[in-house]
K.L.:
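Handing you a structure now.
Below, chains carry the letters A, B, ... as their sequence lines are ordered, and counting in each starts from 1.
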Amino acid sequence: MIDQNETGGKTNFIYTMIKDDLEKDRLKGKPVHTRFPPEPNGYLHIGHAKAILLNYSIARDFDGKFNLRFDDTNPIKEEQEFVDSIIEDIRWLGADWEDRLFFSSDYFEIKYSFARRLIEAGRAYVCDLSQEEIRDYRGTLTEPGTDSPYRNRGVEENLALFERMRKGEFETGSRVLRAKIDMSSGNLNMRDPVLYRILHASHHRTGDKWCIYPMYDFDHPFSDAIEGITHSLCSIEYSDHRPLYDWIVDNAVELMPEVVEFRSRQTEFARLNMNYTVMSKRKLRRLVEEKHVAGWDDPRMPTIAGLRRRGITPQAIADFQERVGVSRAESTVDLALLEHCIRQELETTAPRLMAVLDPVKAVITNWPAGETEMCAMENLPGNEEAGTREIPFGREIYIERDDFMEDPPKKFHRLSPGKEVRLKGAYVIRCDEVIRDEKGVITELRCTYDPQTRSGRDTSGKKIKGVIHWVSVEHASRITVNLYDNLFTVENPEEDSETDFVNHINPESLVVCKNVPAEPAVAGAAPGSRFQFLRKAYFYLDPEASGDGTPVFNRIVQLRDSWARMQK
RNA sequence: UGGGGCGUGGCCAAGCGGUAAGGCACGGGUCUUUGGAAUCCGCAUGCGCAGGUUCGAAUCCUGCCGCCCCAGCCA
């Protein structure tokens with residue numbers, strides 16, 4: 001018996017349904033079996049990640065199986081390039097299909113046979129109507145359709161015609177195979193849906209072997225049935241297709257029982273939407289093609305490749321997916337939830353480093369010139385096993401420009417004239433003088449340090465509220481930092497149909513900081529590793545943006561900043 | 001005016017007739033050499049609305065209202 005503990009306490013309607021199926025033995029002893037069926041015609045995004053991880057975790061939680069099957073039934077739109085990127089993305093997410101990587105096109109031959117049996121049973125016919133005529137005969141939402149004049153062709157004629165379709169005797173689009181169901185159904189999908197169309201096009205896997213290709217509604221349920229898929233999950237917009245799904249599976253069970261592994265059933269759930277981004281393939285493609293972003297893997301994109309390049313971990317995405325849950329209600333999840341998942345993981349796994357993103361020089365006037373002292377700092381606070389590192393401290397340091405205020409408000413706990421602040425891991429300093437250039441811009445802060453306040457052996461008795469990060473000027477490594485922010489300035493870029501969504505693009509979604517001083521340890525960082533730049537944000541050392549050898553760090557997500565919130 | 005869905009706090013989401021879980025967000029306290037983290041507290045007299053059934057309704061019934069999807073030889 002599977003109880004809540006074994007399924008991680010998940011209480012969504014799909015888990016409930018599966019538990020019930022198991023209790024009632026509706027699976028007849030077969031393992032729970034799910035699948036993710038991408039069409040290789042584009043890049044995967046975080047919405048797909050929800051579907052992938054849902055399907056995969058169901059299989060895992062119920063000790064079942066998970067297949068990856070490409071729905072490659074439309075050669076015009078599909079490419080091997082997308083097959084490769086999708087495989088890479090799903091593998092990176094951690095969903096494991098073991099040895100069950102399939103393609104709908106693997107089953108074209110048996111599907112052809114199944115179509116023949118449908119014809120033999122008088123349930124499918126070749127229709128010579130043009131595309132426009134078929135549309136006209138279909139009727140409208142409120143009016144029933146009209147039977148095609150070819151609807152009652154004899155079995156032999158249909159069989160012969162279908163075979164000639166396969167042989168390539170007819171032009172693209174000249175004929176189709178249709179199911180004979182009900183032209184007056186309130187459900188448009190049941191008005192004699194097209195099962196096969198003629199497409200003289202080369203397929204990325206089957207080449208020119210076929211010139212007729214099955215439609216999704218015919219192909220998908222049958223593929224599920226022969227793979228033994230027990231629970232075929234898809235998004236809400238397929239709800240209307242379910243009667244057709246069942247029609248196909250029922251016919252497969254009746255007419256071709258020898259290949260049916262399981263009488264699969266379709267269950268729909270709501271797809272993921274998130275604020276401050278767009279999710280449709282069309283819109284994502286526009287962002288890339290119109291160069292609003294650098295590519296499909298631009299760290300601002302909601303694509304899996306983009307999330308990966310941003311530095312977000314698969315663990316955080318999986319955590320996010322579980323917290324979002326699954327239901328049938330249309331929803332838009334707050335980006336803040338994803339950010340929370342990322343921070344929560346990185347808090348305990350990302351070593352700390354100091355870098356000053358917007359530096360201003362501070363000179364410790366009572367520190368001897370040329371003298372360097374090493375300060376020990378923990379790599380991961382609260383985790384002694386992560387150890388410490390030594391950071392050089394000297395007479396000249398950089399501090400964050402906004403960690404100084406000449407005329408600060410009451411609650412400003414950082415540096416200001418005559419006030420003291422602690423340099424993390426080092427000494428307490430006081431600001432004595434502010435130096436400006438002719439334009440009034442602060443160029444240097446003159447400070448003095450208190451020798452009794454050495455971190456770890458402070459004998460001054462001072463209680464200093466503010467702690468700021470710093471980098472020694474003399475020892476600083478230089479890095480490039482990409483400060484990424486939301487791609488859009490509004491929660492829902494698609495809300496107003498009058499305004500093109502690209503008008504809502506955030507002009508500050510990427511701010512590049514070059515020559516950023518960072519502590520020397522940064523030079524030893526491994527590409528692909530993640531850090532917290534103390535008091536600022538989590539960063540990812542971009543392994544693909546080496547360029548001139550200067551390390552490039554992508555901002556993954558900012559730290560929570562209650563000071564910034566107080567300012568508002 | 002056809003068919004299929006959905007409406008529980010700002011955002012997700014449990015709940016399936018016994019008196020509104022949880023997470024995020026938000027507000028406040030404690031602690032803190034990250035204004036981070038941690039920790040504690042607060043946050044729906046009410047579940048789209050209106051009736052009804054019942055000792056008792058978010059859960060059952062009736063009627064409304066609102067939103068989403070469907071007329072590809074796309075998936």
Side-chain angles (χ1 to χ4, degrees), chain A residues 9-13 16 37-39 41 71-74 76-78 127 129-131 134-136 138-145 172-178 184-191 193-199 213 215-217 219-220 234-243 268 270 274-275 281 320 322-341 343-344 347-348 352 354 377 381-382 411-414 422-426 428 453 455-456 458 464-469 491 532-537 559-566:
Chain A
K10 292 171 197 165
T11 55
N12 61 63
F13 77 102
T16 303
E39 180 185 18
N41 72 341
D71 259 359
D72 55 347
T73 58
N74 186 352
I76 293 168
K77 291 185 167 184
E78 298 151 7
C127 182
L129 253 25
S130 70
Q131 194 160 175
I134 285 183
R135 193 194 313 130
D136 291 342
R138 186 155 35 226
T140 69
L141 292 177
T142 51
E143 296 161 316
T172 290
S174 59
R175 283 183 171 79
V176 293
L177 182 72
R178 292 226 257 170
S184 64
S185 171
N187 182 344
L188 289 295
N189 295 118
M190 300 300 269
R191 319 241 261 228
V194 171
L195 266 22
Y196 268 90
R197 76 282 216 187
I198 299 171
L199 240 37
Y213 292 92
M215 298 287 289
Y216 169 87
D217 283 314
D219 183 275
H220 198 89
C234 62
S235 47
I236 290 288
E237 63 263 35
Y238 290 98
S239 299
D240 289 345
H241 296 246
R242 192 168 60 231
E268 312 86 22
M274 291 187 70
N275 53 195
K281 269 181 188 169
F320 173 69
E322 295 204 351
R323 288 178 192 248
V324 164
V326 50
S327 75
R328 292 182 61 93
E330 186 185 328
S331 64
T332 301
V333 176
D334 196 332
L335 219 211
L337 180 60
L338 208 214
E339 295 184 338
H340 170 82
C341 295
R343 288 193 196 100
Q344 182 167 281
E347 159 67 19
T348 55
R352 310 292 130 107
M354 292 200 293
M377 226 175 289
K411 296 199 167 170
F412 187 77
H413 302 314
R414 310 177 193 175
R422 172 171 290 284
L423 297 175
K424 174 76 179 175
V428 170
T453 57
S455 186
D458 188 327
I464 306 293
K465 262 220 158 154
V467 179
I468 64 174
H469 58 283
E491 282 202 32
Q532 181 196 114
F533 287 178
L534 219 62
R535 298 207 310 129
K536 298 309 277 185
L559 256 41
R560 293 193 63 182
D561 187 347
S562 51
W563 170 249
R565 265 182 290 140
M566 270 170 68

K.L.:
Give me syn or anti for B:G66, where syn covers glycosidic angles within 90 degrees of 0.
P.N.:
anti

K.L.:
Select base, sugar-phosphate, or nothing to describe what A:M190 touches, counting heavy atoms under 4.0 Å on all strands.
P.N.:
nothing

K.L.:
Of the nucleotides B:C70, B:A13, B:A75, which one has an atom closest to the side chain of A:L141?
P.N.:
B:C70

K.L.:
Would you indicate what A:D240 reaches in the nucleic acid, counting non-hydrogen atoms under 4.0 angstrom: base, sugar-phosphate, or nothing?
P.N.:
base

K.L.:
State which of B:C24, B:G36, B:C74 makes the closest approach to the side chain of A:H340.
P.N.:
B:C24

K.L.:
Consider the side chain of A:S562, meaning its heavy atoms from C-beta on, and name the nucleotide among B:G36, B:C24, B:U33 that approaches it most closely.
P.N.:
B:G36

K.L.:
Checking contacts here: which listed nucleotide (B:A25, B:G36, B:G35) is nearest the side-chain heavy atoms of A:L559?
P.N.:
B:G36

K.L.:
Under 4.0 angstrom, heavy atoms only, what part of the nucleic acid is A:N12 near: base, sugar-phosphate, or nothing?
P.N.:
sugar-phosphate

K.L.:
From B:A14, B:G5, B:C73, pick the nucleotide closest to the side chain of A:T11?
P.N.:
B:A14

K.L.:
Do the non-hydrogen side-chain atoms of A:H241 and A:C234 ever get within less than 4.5 Å of each other?
P.N.:
no

K.L.:
Considering only B:C24, B:A13, B:C26, which nucleotide approaches the side chain of A:S331 most closely?
P.N.:
B:A13

K.L.:
Heavy atoms under 4.0 Å, any strand shown: does A:T140 hit a base, just sugar-phosphate, or nothing?
P.N.:
base

K.L.:
Among the nucleotides B:G27, B:G3, B:G35, which one has an atom lying closest to any side-chain atom of A:N187?
P.N.:
B:G3

K.L.:
Between the base of B:G72 and the side chain of A:Q131, is there any donor-acceptor pair under 3.5 Å?
P.N.:
no

K.L.:
I want to verify a distance call: between B:G35, B:U33, B:C73, whose nearest atom is closest to the A:M566 side chain?
P.N.:
B:G35

K.L.:
Remember a base hit wins even if backbone is also touched, and classify A:P381 as base, sugar-phosphate or nothing at under 4.0 Å, heavy atoms.
P.N.:
base

K.L.:
Does A:V176 reach a base, just sugar-phosphate, or nothing at all? Heavy atoms under 4.0 Å.
P.N.:
base

K.L.:
Counting the atoms with a prime plus P, OP1 and OP2 as sugar-phosphate, which does A:I134 contact under 4.0 Å by heavy atoms, base, sugar-phosphate, or nothing?
P.N.:
base

K.L.:
Counting the atoms with a prime plus P, OP1 and OP2 as sugar-phosphate, which does A:T348 contact under 4.0 Å by heavy atoms, base, sugar-phosphate, or nothing?
P.N.:
nothing

K.L.:
Considering only side-chain heavy atoms of A:R565, which listed nucleotide, B:C24, B:A71, B:C26, is closest?
P.N.:
B:C26

K.L.:
Kindly indicate whether the side chain of A:R197, heavy atoms from C-beta on, has any atom under 4.5 Å from the side chain of A:N74.
P.N.:
yes

K.L.:
If you assign each of A:R175 and A:N275 to its closest nucleotide in RNA chain B, which residue comes earlier from the 5' end?
P.N.:
A:N275

K.L.:
By the 4.0 Å heavy-atom rule, please label A:G466 as base, sugar-phosphate, or nothing.
P.N.:
nothing

K.L.:
Measure from the side chain of A:H241, starting at C-beta and using heavy atoms only, and say which of B:A25, B:C69, B:A75 lies closest.
P.N.:
B:A75

K.L.:
With heavy atoms under 4.0 Å as the rule, sort A:E347 into base, sugar-phosphate or nothing.
P.N.:
base

K.L.:
Determine the contact category for A:R422: base if any of its heavy atoms lies under 4.0 Å from a base atom, sugar-phosphate if only primed atoms, P, OP1 or OP2 are that close, otherwise nothing.
P.N.:
base

K.L.:
Contact class for A:Y238 (heavy atom, under 4.0 Å): base, sugar-phosphate, or nothing?
P.N.:
base

K.L.:
Between A:S235 and A:E237, is there a donor-acceptor pair closer than 3.5 Å when you use the side chain of the first and the backbone of the second?
P.N.:
no

K.L.:
Would you indicate what A:L129 reaches in the nucleic acid, counting non-hydrogen atoms under 4.0 angstrom: base, sugar-phosphate, or nothing?
P.N.:
base

K.L.:
Please, what dot-bracket string fits RNA chain B when only Watson-Crick and G-U pairs with both distances under 3.5 Å count, crossing ones use [ ] and pairs to another strand use |?
P.N.:
.(((((((.[[[..)..(...]]].(((((.......))))).....[[[[[..)....]]]]])))))).....

K.L.:
Are A:E268 and A:R242 ion-paired here, with the side-chain N under 4.0 Å from a carboxylate O?
P.N.:
yes

K.L.:
By nearest heavy atom, map A:P37 and A:D561 onto RNA chain B; which one lands nearer the 5' end?
P.N.:
A:D561

K.L.:
Would you indicate whether the side-chain heavy atoms of A:M215 and A:L195 approach each other to under 4.5 Å?
P.N.:
no

K.L.:
Below 3.5 Å, does any donor atom in the side chain of A:R343 face an acceptor in the base of B:G36, or the other way round?
P.N.:
no

K.L.:
Is there a donor and acceptor pair, one atom on the side chain of A:T142 and one on the base of B:U1, closer than 3.5 Å?
P.N.:
no

K.L.:
In whole Å, what separates the C1' atom of B:C67 from that of B:A25?
P.N.:
24 Å

